[in-house]
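The structure appears below as structure tokens.
This one's a predicted model, so the numbers in the text were calculated from it and none came from an experiment. One-based numbering, in listed order, for ligands and for the atoms of each.
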Amino acid sequence: MKTINPIAAEHLPALLRRMPKAELHMHIEGSLEPEMMFALAQRNGLDLPYPDVASVRRAYVFGNLQEFLDIYHAGTLVLRTEQDFYDMAWAYLQRAAADNVVHAEIFFDSQTHTAHGVSTDVVINGLHRACVDAQAVLGIRAALILCFLRHLSEREAFEALEQALPLRDKLLGIGLASSERGHPPEKFASVFAKARSLGFRLVAHAGEEGPPAYIWSALDVLKVERIDHGVRAMEDAALVARLREQRIPLTVCPFSNVKLRVFPALDKHNIGQILNFGLLATINSDDPAYFGGYINDNFTQTFAALGLTSAHAYQLAQNSFSASFAETSTKRLYQNRLDEVFETFQ
Ligand code: HPA
Ligand code: ZN
């Protein structure tokens, strides 16, 4: 492994901000800031159940994942047109580029929107157009992963997949999101097998609120290539060994885990242990508008809380590229940019 020069704690935030990175776990609907929520509500002639931005932000206190999902869902009601999806994604991509994200694999849940009478092609076309423009204007590569809602049935997931197939070329992969407890990955065995046969890259949320058994079944039944969250893997030594040996990535989201009370505070988070065990973990923002910050906020505050070092920073950035679904040649390019920043940083 490359030797990383130690960097004084006071300079770490600058390094963390400057280093190029990939974001692999971010729900685009969770990037909808209250200001844009009000703007879109007005544009679409809709009323919000809040008088102003400050009262929306005050409502963002959650006891668990389900409490968050209920509020998140209310926010998605303002998204009606292709332009709305474009504007939301464009705002995120600008923000991500400012954080030196060079590659983003973006989650969205089409079922949330089709339930509101918005068709899958409106959603995908708006998001995809923002991804194309982002590469041209901001120099950030971005791709889309459609997440099935696990609180709904597998039949409904099949319908969502079917509706997305005419837009297959605009999608990178399939994921699994929403309420984890009581909805184990194996509920979606057939639809993931179908998606796999169609050539989609596969990921699933598992082991945030749900037990390590959900991580096993995401790997063995759904055959996913990455685990979203996965922090509860640390409860199961055999699972930790497997994740390490097979280099299965975990897309960890520290602010999310604290806001949803998986850990009582950032200084109790296990990302340091996960990295020190040699697992291929990454840091991501999950739902940045709801959980208190974007990817660099997650990096800088987690590093400060846990006393992580420049070697951890390098490892996390390198992991983010290794764990991405970018082409090998593109990964090499990212890696070179990373090395250049670490070699020239002072
Ligand atoms: N967890 C699970 N499902 C989700 C989330 C999340 O943070 N955001 C949007 N869907
Ligand atoms: Zn998530």
Exercise. Can you list the steps and then say if Phe108 with His113 is a ring pair (Phe, Tyr, Trp, His ring centres under 6.0 Å)?
Worked result: CA-CA 10 Å; Phe108 69 102; His113 311 294; 7.9 Å; no

For this session: For residues Phe255 and Phe291, establish whether the separation of their ring centroids is below 6.0 Å.
Result: no

Exercise. With no hydrogens and no angle check, do the side chains of Lys21 and Asn100 hold a donor and an acceptor under 3.5 Å apart?
Worked result: no

Exercise. Under a 4.0 Å heavy-atom cut-off, which residues neighbour ligand 1?
Worked result: His27, Leu65, Phe68, Leu69, Tyr72, Ala177, Ser178, His205, Asp286, Asp287

Exercise. Taking the Zn ion (ligand 2) as the center, what protein N, O or S atoms are found at less than 2.8 Å?
Worked result: His25 NE2, His27 NE2, His205 NE2, Asp286 OD1

Problem set entry | Any side-chain donor near an acceptor of the partner, Glu327 and Thr330, under 3.5 Å | no

Exercise. With ring centroids as reference points, do Phe38 and Tyr50 lie under 6.0 angstrom apart?
Worked result: no

Without placing hydrogens or testing angles, list every side-chain donor-acceptor pair under 3.5 Å for residues 138-148, not counting sequence neighbours.
none

Problem set entry | Aromatic ring proximity, centroids under 6.0 angstrom, Phe107 and His205 | yes

For this session: Give every residue pair that meets the salt bridge (Lys or Arg N to Asp or Glu O under 4.0 Å) criterion with at least one member in residues 105-127, sequence neighbours excluded.
Result: Glu105-Arg226

Problem set entry | Within the 6.0 Å centroid threshold, strictly below: Phe188 and Phe192 | no

